[in-house]
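Beneath this line is the structure, given in structure tokens, with notes to follow.
Chain naming here is simple, since letters A, B, ... match the order of the sequence lines and numbering starts at 1 in each.
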Amino acid sequence: MAALVVRSVRDLLKRADFAKVPRRHRHKKKWAATEPKFPATRLALQNFDMTYSMQFGELWPSIRVSLLSEQKYGALVNNFGAWDHVSAELEQLNARDFVNKAHARGEQEPESSQTAAPSPASWACSPNLRCFTFTRGDVSRFPPARLGSLGVMDYYLMDAASLLPVLALGLQPGDTVLDLCAAPGGKTLALLQTGCCRNLAANDLSTSRTGRLQKILYSYVPQDIRDRSRVRVTSWDGRKWGELEGDTYDRVLVDVPCTTDRHSLHEEENNIFQRSRKKERQILPMLQVQLLAAGLLATKPGGYVVYSTCSLSHLQNEYVVQGAIELLANQYSIEVRVEDLSHFRKLFMDTFSFFPSCQVGELVIPNLMANFGPMYFCKMCRLT
Amino acid sequence: MAALGRQVSAWYHLIPLTWARMSRQTPQKKMTASSLCKLTTASTGGGLEEVPCVQDPACRTHLPQCLLEKQSAPVDGGPWEREEVITSLLDMGFSDVHVNELLTVQPGTHPQQVLDIVSELILLGVNPEPVCVALKKSPQLLKLPVMHMKKRSSYLRKLGLGEGKLRRVLHCCPEILTMRQRDIANTVRVLRDKCLFTVQQVTEILHRCPYVLREDPGELEYKFQYAYFRMGVKHADVVRTDFLQYSITKTRQRHTFLERLGRYQTPDKKGQTQVPNPLLRDILRVSEAEFLARTARSSAEEFEVFKKLLAREEEEEPENPMPGDKSTMHGTVPQHDDPAPSVSWAEGNCCEAGPSNVRLSVCENFRFKCLVFIIFD
């Protein structure tokens, strides 16, 4: 009888998992937590409700419902594969190449209004990009990309608005290009697709993220273009780039870490709105100013920089741009001019909905009809 | 011949008549009985005693039915009986037109049968005119066996659907008289035991939205849970706003749309929200155009796209709630004056689909302690 009792007690203890967990990890779980636990996605939503309803006013509800619903994708055709074949296939799905459409529109308009057209250099889009999207209100999806006949993937699925910073950068053949925060690699891939990069330096602080970048380059770009010192992937601190390689690059893309609004509303993992990452969130604008300043310092005089985020917050967008320009003027006596992108905006108005009253730069706001973005981008020219 | 007829009728006394048999034999009946109608109206009472029943034994099937109720009625009382029926109907308050309509609405029905059904309905407190409308709309009611009708009306009275409340129900959902009692009981049980409505509220629901009877009880429970847990609507409001009559798809589309727009919030346990919620009436009862213009303040094309996206979200992950949808569908309904079912409800929820790990661990811990206690006792 006693043996039976002892055995059953041992069973119970085993069931309660006392034996397996090492002593140092053992802790007594509180039954009633004093503080209610909110998921980070919910905290993010609360935060956005507070700040953006003031910032956008009547527009906010429509942005909110779009952010919480499924986003639309664009298919960036891989020029290193059989791109004409892939384009034909995508057209069969009823998708349209929005870059091509914008070009056609851009060619039409100067004829009708010659006077308004500014000098081509300031708004010229980066060439050779083909990105397919479904038309407004069409909620179809692209099938996942497949391995093409040439050993690289057919197309890369990304938020179509992410292509706008690359288009705005206006690459010219033979440019040396820096992508300061490159991972996960969509924009870097787009930069390579233009075929204009004589040298491309792709940097990201985190090694795990540069690992992802490498993987994408591996599956989309043939080896001869990837190697031979044309593409260089590094994991350095981007804030020090001004000291490392000052006045080196023709074009710099500064796609900074931000609150990634859409992502923060859907993913719990690695969410920046977790309570433990409050500090990190608070110093984000400062980090962004430092990165943009470093990017501007790495540019040759006369070169262009595009700053971009995927956040709606003015604090991370316009104010950062203004802050960085001020910082450069005060500390380094470097003059930077903000380029006017309103013509660029007109070209892509059919595909994206833009926020009408940005002080500097352009902001794509999500809308259920065209659920892309949010994406802020601002083009600057370093004068001295 | 007459003797044979009597014998046949005696057999039918012995065999319990099923409803199926009745319906199977109607075509033949219809034929003979229509001839009966013609003949009797032509002759205005007299001399045609044998006509109705003797030609075809099948037509007797309905007669024993009446005989069950009215033992005294003779087989040969056709036209005379009809006169009697007409006077009774007139006594009940029907006009001549109505009487005529009642007797011709389902040709082939015995007048006595008509009288029995109608009088049951009148006894349930329905006025003559609505009775007429209901029977014209669903003539199959006249074919119901009288016993069934009697049982059903006493059941409905027990549910509280007498005295004037039945009119609307009969208009919307005449099936309440024909459907199986078990189905009605199932619906009522779900409303009472699963959704914890009071008896009066159940009566009110059946009165205001009789369509719930057509619905699958599981769906009904889900709809209630959606109202209670997702939208934070209390029992009394579910009843008052006729929430259960709207389809779950429509409710969910409009509610989710508002919620993601930031115009609707599920109230917390104190019933507070950060934004003032629109009235349920303005969400569900209004047309879509009005809903979009006044409540959601959005465009029709955006709502169309949203509906498509929502439908896809649902079919892709029916189990997991969307990230935008904050609360889960599980929880406990606070108990009111009916402790027994609510306890079982809460228990089931706690052990199987408990909302949080905390509660689960409480349960397990309690069991664990009990076991230890038993062993060392």
Determine the option with the most heavy-atom pairs under 4.5 angstrom with chain B, choosing from Glu267(A), Met369(A), Glu268(A). Met369(A)
Might you point out which heavy atoms bring Arg260(B) and Ser69(A) nearest each other, and give the distance in Å? NH1-OG, 3.3 Å
Check whether any side-chain heavy atom of Val275(B) sits under 4.5 Å from a side-chain heavy atom of Asp49(A), and report yes or no. no
Sorted by number, residues from residues 56-65 of chain A in contact with chain B (heavy atoms, under 4.5 Å): Pro61(A), Ser62(A), Arg64(A), Val65(A)
CZ/Arg281(B): more than 12 non-hydrogen atoms of other groups inside 6.0 Å: no
Check whether more than 12 heavy atoms from other residues, nucleotides or ligands sit under 6.0 Å from atom CD of Gln272(B), and answer yes or no. yes
Provide the full list of salt bridge (charged side-chain N to carboxylate O under 4.0 Å, His left out) pairs with a residue in residues 262-280 of chain B, sequence neighbours left out, each pair given once. none
If you count the non-hydrogen atoms of other residues, nucleotides and ligands that lie under 6.0 Å from CZ in Phe354(A), is the total more than 12? yes
CD/Gln92(A): more than 12 non-hydrogen atoms of other groups inside 6.0 Å: no
Scanning both residues in full, the closest heavy-atom pair of Arg141(A) with Arg312(B) reads NH2-NE, 3.2 Å
So which part of Asn367(A) gets closer than 4.5 Å to some heavy atom of chain B, the side chain, the backbone, both or neither? side chain
What distance do Leu68(A) atom CG and Leu309(B) atom CG have between them, rounded to the nearest 0.5 Å? 12.0 Å
Counterpart residues, side chain to side chain contact (heavy atoms under 4.5 Å, CB included), relative to Thr51(A) (two or more places apart): Asn47(A)
Does Lys250(B) have more than 12 heavy atoms from other residues, nucleotides or ligands lying within 6.0 Å of its NZ? yes
In residues 285-306 of chain B, which residues are in contact with chain A at a heavy-atom separation under 4.5 Å? Glu301(B), Glu302(B), Val305(B), Phe306(B)
